[in-house]
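This report refers to the structure that appears directly beneath it.
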Amino acid sequence: MIDVQQASIPTTWRAADGSAVTFTEARSAWTRAAHDVLAATASRFNNFIVNTELAELVQEESGIRTQVKWQHWLPVVLDRVAEFCHNNNEPPLSALCVRRNQTVGTGYRYILELAGLPIPDDLEMHAAAARWQCYQHYATDLPADGGLPTLPPKVAAIRQRTSQDLATTEAAEAAEAKRTATSRPSVTTPKPEPVRKPVCLNCHVELPANKICYYC
């Protein structure tokens, strides 16, 4: 008979020996590992890391693995990293973690909450500025002028396409308005006929206001 308890695999375990690890202990280890991975990511200018890749590297670096899907624990780990950076006056490393479409999404808002900052209209550009702060602190290949905050390629491409589409739409609407105006039949306003002033019946000279001809 198979011993179910012995045969069962723990949800979260040490990769070295397979021993079970509490989720609280794992989360602490993952937070330290995530901080180190993100700091290494920031060592290259304009670098960032996708959440799925970070989740794998965090487990690999910490030596603690889990069957729990990363969506259920990585956001909490990133919040812990954000808290650590904020409390130790470090740049917000968790801003370096992006989704598959290279946006930070709503999870980035926690960094702003910690700093007591309002939510900006352009969250992605604000995150780009936060990543730029990380590069200033960690990057070993900064441009001579320090560089500028830069959107990830996918985000920048979408915005460029959106701007181009908007410009194309506006140009098409302007052209259509011009064609419509041109195709409308022109309405000619008749000029008023000049008012003929009275003339003398004898000499045909224009009469003054009193209608008395002084030439006859």
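As the structure is a computational prediction, the values presented were derived from the model and not from experiment.
Within 6.0 Å of atom CZ in R44, 12 or fewer heavy atoms from other residues, nucleotides or ligands are found, so the atom counts as exposed in its surroundings. When the shell of 6.0 Å around CG of N88 is examined, it contains more than 12 heavy atoms from other residues, nucleotides or ligands.
Between the W70 side chain and the E56 main chain, no donor and acceptor come within less than 3.5 Å of each other. Although no hydrogens or angles enter the test, the distance criterion places no donor-acceptor pair under 3.5 Å between the side chain of T66 and the main chain of I64. Listed for the Y135 side chain is a donor-acceptor partner under 3.5 Å among the backbone atoms of N47.
Residues F84 and R32 are not in side-chain contact: their nearest non-hydrogen atoms beyond the backbone lie 4.5 Å or more apart. For the pair D122/R159, a side-chain contact is recorded, criterion being any heavy-atom separation below 4.5 Å from C-beta on. Counting heavy atoms from C-beta on, the side chains of V104 and I111 never come closer than 4.5 Å. With a 4.5 Å cut-off on side-chain heavy atoms, S28 and R80 do not count as touching. In this structure, R65 and E60 have side chains that are in contact, with non-hydrogen atoms separated by less than 4.5 Å. Counting heavy atoms from C-beta on, the side chains of D36 and E61 never come closer than 4.5 Å. W73 is listed as a side-chain neighbour of V58, based on a closest heavy-atom distance under 4.5 Å. You'll find the side chain of L123 stays beyond 4.5 Å of the side chain of T103, heavy atoms only.
Of all heavy-atom pairs between A115 and H86, the closest is CA-CE1, 4.0 Å. The minimum heavy-atom distance between A26 and V21, with the atom names listed, is N-CG1, 3.8 Å. Of all non-hydrogen atoms in W132 and G147, the two that sit nearest each other are NE1-O, 3.1 Å. Shortest non-hydrogen contact noted between P92 and C85 is CA-CB, 4.4 Å. The two residues L112 and H126 have their closest heavy-atom pair at CD2-CE1, 3.1 Å. Residues A130 and A95 approach most closely at CB-CB, 3.9 Å, considering heavy atoms.
Distance check: L54 CG to F48 CZ gives 13.5 Å after rounding to the nearest 0.5 Å. Here the OG atom belonging to S94 is positioned 11.0 Å from the CZ atom belonging to R131, to the nearest 0.5 angstrom. Atom OG1 of T52 and atom NZ of K69 lie 14.0 Å apart (nearest 0.5 Å). Taken to the nearest 0.5 Å, the CD atom of E83 stands 6.5 Å off from the CG atom of D79. We find the CZ-CG distance between R99 and N51 to be 8.5 Å, quoted to the nearest 0.5 Å. Between atom CG of residue L117 and atom CZ of residue R109 there is a gap of 13.5 Å, rounded to the nearest 0.5 Å.
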* What do the steps show when you test L93 against T41 for side chain to side chain contact (heavy atoms under 4.5 Å, CB included), and what is the final call? -> CA-CA 9 Å; L93 287 170; T41 300; over 6 Å; no
* Apply side chain to side chain contact (heavy atoms under 4.5 Å, CB included) to the pair L38 and L78, showing each step before the final yes or no. => CA-CA 10 Å; L38 290 169; L78 288 171; 4.2 Å; yes
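One hydrophobic cluster, built from ILVMFWY side chains closer than 4.5 Å, holds both L57 and W30. M125 and I158 fall into different hydrophobic clusters, where Ile, Leu, Val, Met, Phe, Trp and Tyr side chains are chained together by heavy-atom contacts under 4.5 Å. Hydrophobic clustering (ILVMFWY, side-chain heavy atoms < 4.5 Å, transitive): V77 and V68 are in one cluster. Linking Ile, Leu, Val, Met, Phe, Trp and Tyr whenever their side-chain heavy atoms come within less than 4.5 Å puts L96 and L74 in one cluster.
In this structure, a donor-acceptor pair under 3.5 Å is absent between the side chains of E124 and Y108.
With salt bridges taken as basic N to acidic carboxylate O contacts below 4.0 Å, none links E53 and R100.
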